[in-house]
Every structure is written in structure tokens, then in C-alpha cells.
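Below is one structure, written out as C-alpha cells, with a few remarks after it.
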Amino acid sequence: MSDIQSEQSQHPESRITPEPAAVAPVALVEPIAAIRFADFGLSPEILRALTDQGYVHPTPIQAEAIPVVLQGRDVMGAAQTGTGKTAGFSLPIIQLLLAHANSSASPARHPVRALILTPTRELADQVAENVKAYCRHTPLRATVVFGGVDIAPQSAALRSGVEIVIATPGRLLDHVQQKTINLSQTHLLVMDEADRMLDMGFLPDLQRIVNLLPKERQSLMFSATFSPEIKKLAASFLKNPVTIEVARSNATADNVTQTMYKVNDQTKLDAVAYIIRERNLKQVIVFSNTKIGASRLARHLEAEGIKASAIHGDKTQNERMAGLEAFKQGEIEVLVATDVAARGLDIAELPCVINCDLPYNAEDYVHRIGRTGRAGASGDAISLYTDKDERLLVDIEKMIKHKFVRAELTGFVPKLRAPERGSERSQERERAPRGDSSNGRTAERSSQHTRSAYSAGSRKEKIDPWFLKPYEPSVSAVDSAQQGQANATTKQPKAKVAALLGGIPKR
DNA sequence: AAAAAAC
């Protein structure tokens, strides 16, 4: 570590040298030449689909996961962002469905046999595209189901018969209620971004869905981040699981250069514009912690002549999808996003990610910067922080087990502006454009899932040096209240989770 | 603290 420190203090912007890993870093991403997909006994149809896409050798997570899933085992899989987790679970699932003929005498010739859950609609869409490509030469059919779009075509697709459904939780339950989907034959469950799916906000819906599945089933969980607490919760959904870790959980991708710039709250937006100009960035995602902040930053960049667009949960689904697509097509240089875009999204060769705000959850930092440096490519992650963010910064350092160099943004001259009156927030609310969101559902939705009482609480003020303590991450909202206190009791949050699970009303 | 996820 000490050599890393000194190296960085000489070159404040130099890359964060990764900790010596058990395996050479690149080996965690690079396909393994000694193994071929054909070695796993995958059907010729699947192999043909892989050949279509030019895939011959599996990545390490794929090499480890595929045989284990084929054996019928439950899996808890951790691998860094951009290392091929999707294929790691999709390929063996497809193989299992092909190998075990449908034994159901159900009137539907194609009962749903595998369910893949994701935390965002765009990710569901992306995973579905992948799965469909892998199924292309097989008789299996896959469809995607998520909210914010017309339900009728989804119902039609489900009626026509599909073996694999990729879904976000809310709309899936909607289909359950409307009886357009039957999960009684669904013996395969995958939770993508599993730690997020087990977050307090998702857990009730998740529990309802799991209750609809056969007890005899195979369950798989994948993510780049698993806190110890979430691991325990995850285990309660798994039966004698095999843990697959091709790198330490919570590790950032090794090939991403991470930079931390201290900035002033008032000049943040200028700082982002400055960085984009200075580095001549033509393709960058900028993360904001709030929907309002994302919209405001996008407007600011546009005013600066930078082609930008915001995506967040108050945009219509059409706007979200159009924004993402425009960004992928290069029509937009900057995609300003909330954490709706933090996880899973695979944007080819994205060179850079900027955190305009440090994320509240350290885990999200790993996922956000994981949008760059995928599939072995190199990437840049630039984060802005203010003096109020020191605690968040330390949380991130503890989790990824790296200490950042706190750099200054030199040569940066913020624009002068008329001083604002009143709180920034209330002003922004007044200024928030109507059309920015609204299909009219927004207010309704935000009030509908009430904030849980568990999210209340405060962090401790004083912190010990991070390197003296083992990593004790936040479990989303579950124990954020407790984690601040020294020797946080783990009993209490667990009891709360149990109470919540037990207290979920049946629909 | 916030965001996400059904209508």
C-alpha cells in the first residue's frame, strides 16, 4: 500500500494501482484460452449462438458458474462489473431448459420455466436482449416484462407462451394479479444485481414473487457487490448454495483509473462542464444523487453547449429509453443519470464516468464506475466531493480497500453567478420544469411506497481510521441506522428484516 | 438523506 500512496502523491491524477490480486487482474476479465464453451456440454444450438457473436472462450465467472448451474446447484456469484455475469447464468439456464423437457401437462404448452429479475427496466431490457440472442437457434422463447410501457403487448407475448421471463418486480406482480402469468412451473430463479433486489425497497415485492414459485427450485444470485449482511439475507433465499467469487466482493474493476476532486458545492456544475471540456470527453455518463440534480445538470451542460440529456425515474419510459439509445448512438455526448443507470447497463466502450455527487451507498460507487472499463477495456472514473462528503468518501475507501488521493481541480475557474436566495433545494423545486417528468404518475408513485421507518437514523460523527477496521458496509436501509454506532448490533437489523418478511401482506 | 419499482 505504501508504494501506492507515494506513487500517487507524486502524480495526483495517476491511476489507482490495484491491490495485488490473487490472480493477475486481467485474468479476471479475459476469456480463458484453455477452456471453450464447447467443453461444458452446451447444446449445438447454444454454441451456434455464441459463435454468431464471436464468443469461443468463457470468462472466469462464466467458467466457474456454468458447470455449477448445470449441476442444479444454487449459486451466489460475485464478480466484478463487466466480466460477463449475464452469460454466466443465461447459458446454463438455457441448457437446463433444453435438457429437461417440459414435463408439465399444463394447457399452456409453454409454461414459464425460468424467471430473471432485475432492479431497473433498462437492465431487464438489456438482459432480455442477451437471453434472446442466446436462445435464437433453440425452440425456447423469452420475453421481457417491465412497467412504464403498455401492458397489452406483454400480456400477448406471455399468452403466446414463453419459457423465460425477464422482469422488474412491480410489473411482474401486476401480470400475476391479472393472471397473464403463471409461475407455478418456474423452477429457475435468477436475481441479477441481487444485493439491490434484496434492498428494503425491493424486498417486499421480491418476497411476494418468491412465494409464488415452486418450493423445489434452483435459485441464482449475481452481483459485483455483496455486503456481509446482504450475504446472510441472500442465503435465506438459497438452498445449500455454492459461492462463486472470482474476485473479492465489492472490488472495483482493475482497469478503471479513479480520481477524486474536491470541489465547492456551489461550483459543482461548472466543475463538471470544465472536466468534460478539459478532457475533451465525447462519451460520458455523469451520475447525480437526485432526479432534480440530474435534470439541473443536464440543463446546465446544454446551456454550456454540451449535448446532454438526463435519465431518471421521473422521466417517462419513452424518454428514458430514447435518452439511453441516443447516448449509445453518440447523438448525445453526456448522459446525466441517477442511480437508475448505475447497475448492469452495458454501454460499449464507454471511456469515462463522472460522479457529480458521491453516492450515498458505497456499493453504488462500484456499480457506477463499473459502467466503464468493461470487458477488459480501460476506463476513467472521476468523482467530485465536497467537505461534507468526507464520510461517504471514507465509506467507499473502506469498501473497495483503497485510499484515494484527494486531488485539487487545478486551472478551473468557476463562473460568477448572481447569489441565490433561500435554500438551493426549495428554489430548485420552484424552478423544476413541469414537462420534465411527467406523465402524471410521478407524484402518485413517490407517495405510494412509503419510506420505511428503517431508513431513519444517523451516522456516527467520529470515525476510526478505515484501515484499522474490517469493512462494515451499510445494508441499504436495513441497518444504516445501526451501522454508525460502534460495534453495531447485528441482531436488531436481522430481527427487523425477519419481522418485515413475516409481515408482508399476501395479495 | 435518495433512487428504484405497478397502475
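Quick caveat: nothing in here was measured; it's all calculated off a predicted structure. By convention in this document, chain letters (A, B, ...) are assigned in the order of the sequence lines, proteins followed by strands, and residues within each chain are numbered from 1.
Contact between the side-chain N/O atoms of A:Thr338 and the OP1/OP2 oxygens of B:dA4 is found at a separation under 4.0 Å. OP1 or OP2 of B:dA4 sits under 4.0 Å from a side-chain N or O of A:Lys291. Listed pair A:Arg368 / B:dA2 fails the phosphate criterion, with no side-chain N or O lying under 4.0 Å from OP1 or OP2. The phosphate of B:dA1 has neither OP1 nor OP2 within less than 4.0 Å of any side-chain N or O from A:Thr290.
A:Phe202 places its CZ atom 17 Å from the P atom of B:dA2, with the value rounded to the nearest Å. One atom, CG of A:Asp174, and another, C1' of B:dA6, lie 5 Å apart when rounded to the nearest Å. For A:Arg391 and B:dA1, the CZ to C1' distance is 14 Å, given to the nearest whole Å. For A:Arg121 and B:dA5, the CZ to P distance is 5 Å, given to the nearest whole Å. Whole-Å rounding puts the A:Tyr360 OH to B:dA3 C1' distance at 10 Å. Separating the CG atom of A:Asp357 from the P atom of B:dA1 is a distance of 16 Å, rounded to the nearest angstrom. The NZ atom of A:Lys179 sits 17 Å away from the C1' atom of B:dA6 (whole-angstrom rounding). A straight line from NE2 of A:His367 to C1' of B:dA3 spans 14 Å, rounded to a whole angstrom.
Side-chain N/O atoms of A:Asp199 and base N/O atoms of B:dA4 include no donor-acceptor pair closer than 3.5 Å.
Note on A:Asn289: only backbone sugar-phosphate atoms sit closer than 4.0 angstrom, heavy atoms only; bases stay farther off.
A:Arg343 is linked by a salt bridge (Lys or Arg N to Asp or Glu O under 4.0 Å) to A:Glu193, A:Asp195, A:Asp364, counting only residues two or more places apart in sequence or in another chain. The side-chain hydrogen bond (donor to acceptor under 3.5 Å, both in side chains) check on A:His187 picks up nothing, with sequence neighbours excluded.
Side-chain atoms of A:Glu122 and A:Gln317 form a donor-acceptor pair, as typed in the model, at a separation below 3.5 Å.
For the pair A:Asn211 and A:Gln207, the minimum side-chain heavy-atom distance is below 4.5 Å.
A salt bridge is defined here as a Lys NZ or Arg NE, NH1 or NH2 lying under 4.0 Å from an Asp or Glu carboxylate O, and A:Lys239 with A:Asp74 fails to meet this definition.
Comparing B:dA3, B:dA5, B:dA6 by their nearest atom to the side chain of A:Arg196 picks out B:dA3.
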